[in-house]
Enquirer: 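Please see the structure below; I have some questions.
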Protein chains: 2
Amino acid sequence: MKPDALRGHLDALILAVLEQEPRHGYAIMEALQERSGGALELPTGTLYPALRRLERAGYLRSAWATVSGRRRRTYRLTAAGRRALAAERSAWRDFAAVIDGVLRPASPQT
Amino acid sequence: MKPDALRGHLDALILAVLEQEPRHGYAIMEALQERSGGALELPTGTLYPALRRLERAGYLRSAWATVSGRRRRTYRLTAAGRRALAAERSAWRDFAAVIDGVLRPASPQT
DNA sequence: ACCTACATGTAGACCATCTATATAAGCGAC
DNA sequence: GTCGCTTATATAGATGGTCTACATGTAGGT
């Protein structure tokens with residue numbers, strides 16, 4: 001997968017994996033990898049700045065925890081984050097429909 | 001449509017509208033706008049550099065023409081361009097499947 | 001002691017897209 | 001006869017999300 005393709009869609013992905021339960025960054029990476037069948041292997045240099053950006057935007061809230069000696073920063077969706085997720089889902093459907101419409105070869109009889 | 005969403009997919013769109021017939025830049029803009037139902041309004045500062053990039057990459061070849069007093073640069077797909085288009089279509093299907101898979105809410109019974 | 005997995009973070013590079021600006025011909029209206 | 005709109009192409013510079021590379025530290029197995 002070429003890296004640029006992800007641009008503008010990563011926020012949606014992160015919000016989506018946080019929809020059901022809060023997770024810390026490393027768990028988000030694992031969830032994305034699993035849900036994508038291994039296609040999404042986010043570098044930490046991509047994920048962590050994105051999480052901070054989403055928190056600054058008010059879509060996430062984070063809290064530190066220590067689990068078996070390791071520090072974790074756990075993120076959860078805010079109400080605004082849930083609204084943003086709904087908007088991202090809708091935007092994705094529209095976007096995909098547009099691309100599909102252009103990529104689909106015109107039917108020979110038209 | 002937020003601008004970043006297009007990143008990494010524009011090449012595919014341009015190649016696709018050139019699949020059936022050669023077009024000049026302005027006509028490519030119009031074709032994209034029409035095929036997308038008005039969603040894609042590419043700034044010229046996006047399209048023209050992209051066309052030159054695709055020509056440099058060997059996917060397009062251009063030729064100047066003058067039609068009713070106006071100069072046009074008409075682009076056509078090369079053989080490599082057709083192969084690239086096929087690859088882009090395939091990459092888009094894979095990409096869309098990945099995003100769909102992550103965005104789709106997990107079913108409650110799982 | 002060493003290696004791997006777990007866990008978070010930053011600095012700087014990259015580069016496709018966007019904004020803004022420039023140029024110029026054709027054409028209808030007034 | 002010039003005003004405004006459409007047609008038509010082009011470049012310079014800004015933007016900003018993602019990636020590469022690097023840095024730090026704990027836990028646990030061998």
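Numbered from 1 within each chain, the chains take letters A, B, ... in sequence-line order.
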Enquirer: Starting at the 5' end of DNA chain C, which residue's closest nucleotide do you reach first, A:P49 or B:L6?
Expert: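 With A:P49 and B:L6 compared, the 5'-side residue is A:P49.
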
Enquirer: Could you give all pairs that pass the side chain to side chain donor-acceptor pair (under 3.5 Å) test and reach residues 50-64 of chain A, with sequence neighbours left out?
Expert: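 Applying side chain to side chain donor-acceptor pair (under 3.5 Å) to every pair that reaches into residues 50-64 of chain A, excluding sequence neighbours, yields A:D11-A:R53, A:E55-A:S62, A:S62-A:R73.
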
Enquirer: Sequence neighbours left out, what passes side chain to side chain contact (heavy atoms under 4.5 Å, CB included) with A:S68? Give chain and number order.
Expert: A:R70

Enquirer: Would you say A:Y26 reaches C:dC6's phosphate, i.e. side-chain N/O to OP1/OP2 under 4.0 Å?
Expert: yes

Enquirer: Using distance only, find each side-chain donor-acceptor pair of residues 40-51 of chain A under 3.5 Å and give its atom names and separation, not counting sequence neighbours.
Expert:
none

Enquirer: Atom CG of B:L42 to atom C1' of D:dA8: distance rounded to whole Å?
Expert: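 Atom CG in B:L42 sits about 15 Å away from atom C1' in D:dA8.
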
Enquirer: B:D4 has an atom CG; how far is it from atom P of D:dT18, in whole Å?
Expert: 7 Å

Enquirer: Could you tell me the separation between the NZ atom of B:K2 and the P atom of D:dG16, rounded to a whole number of Å?
Expert: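 Between P of D:dG16 and NZ of B:K2: 14 Å.
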
Enquirer: Only counting residues at least two apart or in another chain, list the ones meeting side chain to side chain contact (heavy atoms under 4.5 Å, CB included) with B:A39.
Expert: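 Partners of B:A39 under the side chain to side chain contact (heavy atoms under 4.5 Å, CB included) test: A:V98, B:M1, B:S36.
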
Enquirer: May I have the distance from B:W64 (atom CH2) to C:dA25 (atom C1'), rounded to whole angstrom?
Expert: 13 Å

Enquirer: Which nucleotide in the list C:dA7, D:dA10, D:dT7 gets nearest to the side chain of B:R73?
Expert: D:dA10

Enquirer: Tell me: NE2 of A:H9 to P of D:dG16, nearest whole Å?
Expert: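 After rounding, the reported distance stands at 18 Å.
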
Enquirer: According to side chain to side chain contact (heavy atoms under 4.5 Å, CB included), who are the partners of B:A86, at least two apart in sequence or on a separate chain?
Expert: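 Side chain to side chain contact (heavy atoms under 4.5 Å, CB included) check on B:A86 returns nothing, list empty.
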
Enquirer: Between atom CG in A:L47 and atom P in C:dT8, what is the gap in whole Å?
Expert: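 For the pair A:L47 CG and C:dT8 P, the rounded distance is 9 Å.
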
Enquirer: Does a side-chain N or O from A:Y48 land closer than 4.0 Å to OP1 or OP2 of C:dG9, or not?
Expert: no

Enquirer: Check whether any side-chain nitrogen or oxygen of B:R53 sits under 4.0 Å from OP1 or OP2 of C:dT17, and answer yes or no.
Expert: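 Result: yes.
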
Enquirer: All N/O contacts under 3.5 Å from nucleotides 19-24 of chain C to the protein, with atom names and distances to one decimal?
Expert:
none

Enquirer: Separation of B:L10 atom CG from C:dT17 atom P, in whole Å?
Expert: 5 Å

Enquirer: Rounded to whole angstrom units, what separation is found between the NE2 atom of A:H24 and the C1' atom of D:dG25?
Expert: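 To the nearest whole Å, that distance equals 15 Å.
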
Enquirer: Any side-chain heavy-atom pair from A:L85 and A:E19 closer than 4.5 angstrom?
Expert: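 A:L85 vs A:E19: side chains touch.
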
Enquirer: Within the structure provided, determine whether A:R23 and A:T74 are in side-chain contact (heavy-atom separation under 4.5 Å).
Expert: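 Contact flag for A:R23/A:T74 side chains = no.
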
Enquirer: Counting only side-chain heavy atoms from C-beta out, which of D:dA10, C:dT8, D:dT6 sits nearest to B:R52?
Expert: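 Comparing D:dA10, C:dT8, D:dT6 against the side chain of B:R52, the answer is D:dA10.
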
Enquirer: Closest-nucleotide mapping onto DNA chain D: is B:Y75 or A:A50 further toward the 5' terminus? I mean the 5' end.
Expert: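 Closer to the 5' end of DNA chain D: B:Y75.
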
Enquirer: Taking only the side-chain nitrogens and oxygens of A:R72, find out if one of them lies under 4.0 Å from OP1 or OP2 of C:dA7.
Expert: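 Checking A:R72 against C:dA7: at least one side-chain N or O falls below 4.0 Å of OP1 or OP2.
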
